[in-house]
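For the numbers below, each heavy atom of this structure counts, side chains included, while hydrogens, waters and symmetry mates do not. Not measured: the values here are computed from a predicted model.
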Number of protein chains: 2
Amino acid sequence: MFSKATEYALRATIYIARKSSEENKLGIEEIAKAINSPKSFTAKILQKLTANNGIISSVRGPGGGFYLSSKAQKRPVRDILHVMEEDGVLGKCVLGLKKCSEAMPCPMHAEYKGIKQQLIQLFEHTTIQQLAHDADKIIPLNKPARH
Amino acid sequence: MFSKATEYALRATIYIARKSSEENKLGIEEIAKAINSPKSFTAKILQKLTANNGIISSVRGPGGGFYLSSKAQKRPVRDILHVMEEDGVLGKCVLGLKKCSEAMPCPMHAEYKGIKQQLIQLFEHTTIQQLAHDADKIIPLNKPARH
DNA sequence: ATAATTAAGGACAAAAATATCCTTTATTTT
DNA sequence: AAAATAAAGGATATTTTTGTCCTTAATTAT
Ligand code: FES
Ligand code: FES
């Protein structure tokens, strides 16, 4: 459904959401290893998500790394797709018409539009926090000990 | 959702289904023009769909071209996706895990699996003929006159 | 038989997506 | 101030997808 880049973006953001805090930032090495993605490529993606007060926060230098503010945690997953310029995927026509619309529908449109709406709703209503929480329930992660 | 190649495959097949018959075959020139796709690239795709008694039938030489047998018309759209090796898209994990499964679900899985099932059902239950018929209802096509 | 037509198929080109490497900048620790 | 650490950013490489062009093979019409 999504590009590799977007998949990495989603996995990385969820991982950061689960394991980081402002006091406990994560390095790119750990993140890439944890989500099983190429390190440098993932770094570029995190740059994108970090740019101009984006979804992810970052600090350079020793003790630095990536983390999610509690405000960012509450943002919908669709914001990640938007930054990755893939939120358009959800609105696209199955047959590749310029625009998926009622005005100029393709023969799949009538049957597809309902599914499309569900997809949009899913990504709009689900927050990063919810995914992180769900992931914790599925496979608990050893959170770093407070010092 | 799908690659350009698959979009062209779907559009071309539907167009052929609407306008062709064994007595009235269509040339690649007309098809590419009608579905607004690059001619040579589309030719390659039709080759794929034609290979070893595939979905589309073809005949070379004067009066030749592409057409759909009435048997092929009744095949599900998913068969096109299968030939294009994109039927896997429907089963893929949203976050890009190797396998989307109950055994090792990602945090989107619970919410996504229902939508995924609908997508699979849609492509499995919809036939090429149905799409062609629906398309005719939306935008009637001037069918070639019998001679 | 020869010429004309049309798809099949191979070779190649361009563009986009994915991935790596190296240098620079910001920050902290010594 | 100097050294160390970690992200930011630029340049480049690789792979995949998309697209073009030209030759070959099959079929029909002359
Ligand atoms: S127009 Fe094709 S899916 Fe809506
Ligand atoms: S495991 Fe990710 S969608 Fe099913």
Side-chain angles (χ1 to χ4, degrees), chain A residues 1-13 15-16 20 22-33 35-68 81 83-86 88-89 96, chain B residues 1-13 15-16 20 22-33 35-68 83-86 88-89 96 147:
Chain A
M1 164 132 49
F2 299 118
S3 65
K4 295 258 182 204
T6 297
E7 289 174 357
Y8 299 154
L10 292 167
R11 297 219 297 272
T13 305
Y15 182 75
I16 294 169
S20 84
E22 188 150 5
E23 308 83 52
N24 215 310
K25 309 185 191 76
L26 306 178
I28 182 64
E29 192 100 36
E30 173 186 350
I31 296 166
K33 208 160 278 173
I35 68 169
N36 188 30
S37 69
K39 194 179 76 172
S40 293
F41 190 47
T42 307
K44 291 267 186 265
I45 292 163
L46 293 189
Q47 267 178 49
K48 245 185 169 173
L49 292 165
T50 306
N52 39 267
N53 265 313
I55 294 157
I56 298 174
S57 307
S58 74
V59 174
R60 298 193 224 189
F66 300 92
Y67 68 97
L68 249 81
L81 303 182
V83 171
M84 299 308 291
E85 293 161 291
E86 284 224 73
V89 175
Chain B
M1 165 132 49
F2 299 119
S3 65
K4 294 261 181 202
T6 297
E7 288 174 358
Y8 298 153
L10 292 167
R11 298 219 296 271
T13 306
Y15 182 75
I16 295 168
S20 84
E22 188 150 5
E23 307 83 52
N24 215 310
K25 309 187 192 74
L26 307 178
I28 183 64
E29 192 99 36
E30 173 185 350
I31 295 166
K33 208 160 278 172
I35 68 168
N36 188 31
S37 68
K39 192 178 77 172
S40 293
F41 190 46
T42 307
K44 292 264 186 264
I45 292 162
L46 292 190
Q47 267 177 50
K48 244 185 172 175
L49 292 165
T50 306
N52 39 266
N53 265 312
I55 294 157
I56 298 174
S57 308
S58 74
V59 174
R60 299 193 223 188
F66 299 92
Y67 68 97
L68 249 81
V83 172
M84 299 307 291
E85 292 161 292
E86 285 224 70
V89 175
H147 49 79

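For the pair B/Ile31 CD1 and C/dA8 P, the interatomic distance rounds to 10 Å; values are reported in whole Å. One interatomic measurement links the two molecules: CD1 of B/Ile45 to P of C/dA8, which rounds to 13 Å at whole-angstrom precision. Atom CD of A/Glu29 is separated from atom P of D/dA8 by 15 Å (rounded to the nearest Å). Note: CD1 (B/Ile28) to C1' (C/dT5) measures 15 Å, nearest angstrom. Between the CE atom of B/Met84 and the C1' atom of D/dT16 there is a distance of 14 Å, rounded to whole Å. Taking atom CG of residue A/Leu49 and atom C1' of nucleotide D/dA8, one finds them 14 Å apart after rounding to whole Å. The OH-C1' distance, from A/Tyr67 to C/dT27, rounds to 14 Å in whole Å. Taking atom NZ of A/Lys33 as the reference point, atom P of D/dA6 lies 13 Å away to the nearest angstrom.
Mapped onto DNA chain D by nearest heavy atom, A/Ala51 and A/Gly64 fall at different nucleotides, with A/Gly64 at the one closer to the 5' end.
Side-chain atoms of B/Asn24 and B/Tyr67, non-hydrogen and from C-beta on, never get closer than 4.5 Å to each other. A/Ser3 is not listed as a side-chain neighbour of A/Met84, based on a closest heavy-atom distance of 4.5 Å or more. Within the 4.5 Å cutoff, the side chain of B/Leu46 has heavy atoms near those of the B/Ile16 side chain. For the pair A/Phe66 and A/Leu49, the minimum side-chain heavy-atom distance is 4.5 Å or more.
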Legend entry - Under 4.0 Å protein heavy-atom contact, by nucleotide of nucleotides 11-20 of chain C - B base, S sugar-phosphate only: B------BBB
Inset, instruction - Treat primed atoms plus P, OP1 and OP2 as sugar-phosphate and everything else as base, then score nucleotides 23-30 of chain D 5' to 3': B for base contact with protein heavy atoms under 4.0 Å, S for sugar-phosphate contact only, - for none. - result: --BBBB--
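Counting non-hydrogen atoms under 4.0 angstrom, A/Leu46 reaches nothing in the nucleic acid.
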Show every donor-acceptor pair shorter than 3.5 Å between a side-chain atom in residues 36-44 of chain B and any protein atom, with sequence neighbours excluded, or say none if there are none.
| residue | atom | partner | partner atom | Å |
| --- | --- | --- | --- | --- |
| B/Ser37 | OG | B/Thr42 | OG1 | 2.6 |
| B/Thr42 | OG1 | B/Pro38 | O | 2.6 |

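With values rounded to the nearest 0.5 angstrom, B/Arg11 atom CZ is found 11.5 Å from B/Thr13 atom OG1. Distance CD1/B/Ile35 to OH/B/Tyr15: 9.5 Å, rounded to 0.5 Å. Taken from CD in A/Glu86 to CD in A/Glu7, the straight-line distance is 9.0 Å, to the nearest 0.5 Å.
What you find for A/Ile55 and A/Leu68 is that their closest heavy atoms are O-CG, 4.0 Å.
Neither OP1 nor OP2 of D/dA6 sits under 4.0 Å from any side-chain N or O of A/Ser58.
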